[in-house]
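Data block below; observations after.
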Amino acid sequence: MATRILLADDQEGIRSAFRLILDAQPDMSVMAEAADGRTAIDTAKAIKPDVVLADIRMPGADGIEVTRALRDTGIHVVVVTTFGLDEYVDAALRHGAAGFLLKRSGPALLVEAVRAAMSGDVLISPQLTVGLLARRGEAREGSDVVLTEREEQVVTLVAQGRTNAEIAAELFLSPGTVKNHVATLQRKVGAQNRVAVAGWAWATGRAGTSGGELG
């Protein structure tokens, strides 16, 4: 079945552009649009889309409020915005956003963000990832945690913003195996999600420089 999407943005031109991009995908369908945050929340609760793409600044309720309101509904919210401010990113992720995307990131990343949300990943625009994850590093020292060689490889790629599917392809593993490794990493480092795992990797020098060095 196609991923059902609700677009929430106060600019009609942005909604139209996103609809063209997403409806062109064989596995996606835009169900509805909302020009303000309150309508987005009410519509999402009524029609229950799989993913809501929510602008950060909207009348009625902003993207953070939309994320918070839909947190326990099973609906994935990806915040899409012009404004890549640290406080916005932190607030969105803290309230359960399934991604944070800059509007200038382009059509390919928009599509990838929807697919990542559906697979349980959190996608952040590459322009934001390195600085954000470095600032979100966990306080624990690397010496406190012992990782296997495979876990070291996986955590490096997580820190570089790779999705489970990309990590699986890089390391010749199944996506399910990668998902299990990420769950183990979360438990070992005391992280609530993969973003916190990535932050811990940056803070402890495990982020690496290139996935190609993993061998």
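Treat the numbers as computed from the prediction; the structure is a model and nothing was measured. FYI, side chains are in, hydrogens and waters are out, and symmetry mates aren't considered; it's all heavy atoms of this structure.
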[X] and [Y]: which non-hydrogen atoms are nearest, and at how many Å?
X	Y	value
A40	A8	CB-CB, 3.6 Å
A113	L101	CB-CD2, 4.1 Å
H95	I64	CD2-CG2, 3.6 Å
A117	V78	CB-CG2, 4.0 Å
V51	M118	CG2-SD, 3.8 Å
D62	I56	CB-O, 3.0 Å

I'd like to know if the side chain of [X] reaches the main chain of [Y], judged simply by a donor and an acceptor atom lying under 3.5 Å from each other, with no hydrogens or angles considered.
X	Y	answer
D55	M58	no
E170	I167	no
K188	V146	yes
D9	R15	no
T177	L173	no

Check: [Y] and [X] side chains under 4.5 Å, non-hydrogen atoms:
X	Y	answer
T73	K48	no
I5	T3	yes
R4	M28	no
V145	L185	no
R150	Q153	yes
L53	L22	yes
R38	D42	yes
L123	R115	no

Spacing of [X] atom [atom1] and [Y] atom [atom2] [to the nearest 0.5 Å]:
X	Y	atom1	atom2	value
K179	N164	NZ	CG	8.0 Å
N180	S174	CG	OG	7.5 Å
S29	R19	OG	CZ	8.0 Å

So which of T43, V77, V30 actually passes side chain to side chain contact (heavy atoms under 4.5 Å, CB included) with L6?
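Considering T43, V77, V30, a side chain to side chain contact (heavy atoms under 4.5 Å, CB included) with L6 is found only for T43.
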
Quick one: do L70 and K45 satisfy side-chain contact (heavy atoms from CB on, under 4.5 Å)? Show the steps, please.
CA-CA 8 Å; L70 299 178; K45 288 182 177 180; 4.0 Å; yes

Set out, in order, the CA-CA distance, both residues' side-chain angles and the distance that settles side-chain contact (heavy atoms from CB on, under 4.5 Å) for V52 and H76, then state yes or no.
CA-CA 6 Å; V52 173; H76 306 288; over 6 Å; no

Stepwise side-chain contact (heavy atoms from CB on, under 4.5 Å) check, V178 with L171:
CA-CA 9 Å; V178 174; L171 300 180; 5.8 Å; no

Quick check: is V111 connected to M31 through a chain of hydrophobic side chains (ILVMFWY, heavy atoms under 4.5 Å apart)?
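Hydrophobic grouping puts M31 apart from V111.
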
Given T39 and D36, is the side-chain hydrogen bond (donor to acceptor under 3.5 Å, both in side chains) satisfied, shown in steps?
CA-CA 6 Å; T39 300; D36 65 83; 2.8 Å; yes

Candidate pair L147 and E152, rule side-chain contact (heavy atoms from CB on, under 4.5 Å), full reasoning
CA-CA 6 Å; L147 303 182; E152 293 279 5; 3.8 Å; yes

